[in-house]
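To start, the structure itself, in structure tokens.
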Amino acid sequence: MEVLSLLGILLVLLLVLAGCYLFTRWAGVGLGGRLGLTPSGGRLRVLERLPVGRDQALLVVEAANRHFLLGSSPSGLSLLAELTEEEAALWTSPPPSGGGQQGPDFRQWLGKLREKK
């Protein structure tokens, strides 16, 4: 008798967990599609993210064939610069086949940006 009640409780628990999993999958897909946030056909892409501190990051973002350098912090996003076509090509071109860096060096790029101002 006790074994049957234990099996019943386990079965109910598994059904609840499966229902939660299916609901979150459904809700995530539905919400993303309604807000235009679908990753496959989206027009907005984060090309690179570099954490620079606690809850702070630099982001290179492509939107409508334009490229931006954004700063992210708990207070929100800040536009730091709009990238030129040459600078944007560093992120859109395939990485070199050698074992070197995957993308442009942020320190060098930020140094060039500071020299411009």
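Computation of the quantities below employed the complete heavy-atom set of this structure, encompassing side-chain atoms and omitting hydrogens, waters and symmetry-equivalent molecules.
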Side chain to side chain contact (heavy atoms under 4.5 Å, CB included) evaluation trace for Leu7 with Val3 = CA-CA 6 Å; Leu7 287 176; Val3 174; 4.2 Å; yes
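Residue Leu59 forms a side chain to side chain contact (heavy atoms under 4.5 Å, CB included) with just one option from Leu50, Val46, Leu69, Leu47, and that option is Val46.
Using a 4.5 Å heavy-atom cutoff, the side chains of Phe68 and Val60 are not in contact.
Under the side-chain contact (heavy atoms from CB on, under 4.5 Å) criterion, Leu4 pairs with no residue at all, not counting sequence neighbours.
Once rounded to the nearest 0.5 Å, the distance linking CD of Gln56 with OG of Ser75 reads 8.5 Å. Between Arg66 atom CZ and Thr84 atom OG1 the span is 13.0 Å, to the nearest 0.5 Å.
Closest approach of Glu82 and Glu87 over heavy atoms only: O-OE1, 4.5 Å. In this structure, Ala63 and Leu44 approach most closely via the heavy-atom pair CB-CD1, 3.7 Å. Of all heavy-atom pairs between Gly71 and Leu58, the closest is CA-CD2, 4.5 Å.
The hydrophobic clustering, which links ILVMFWY residues whose side-chain heavy atoms are closer than 4.5 Å, places Phe23 and Leu14 apart.
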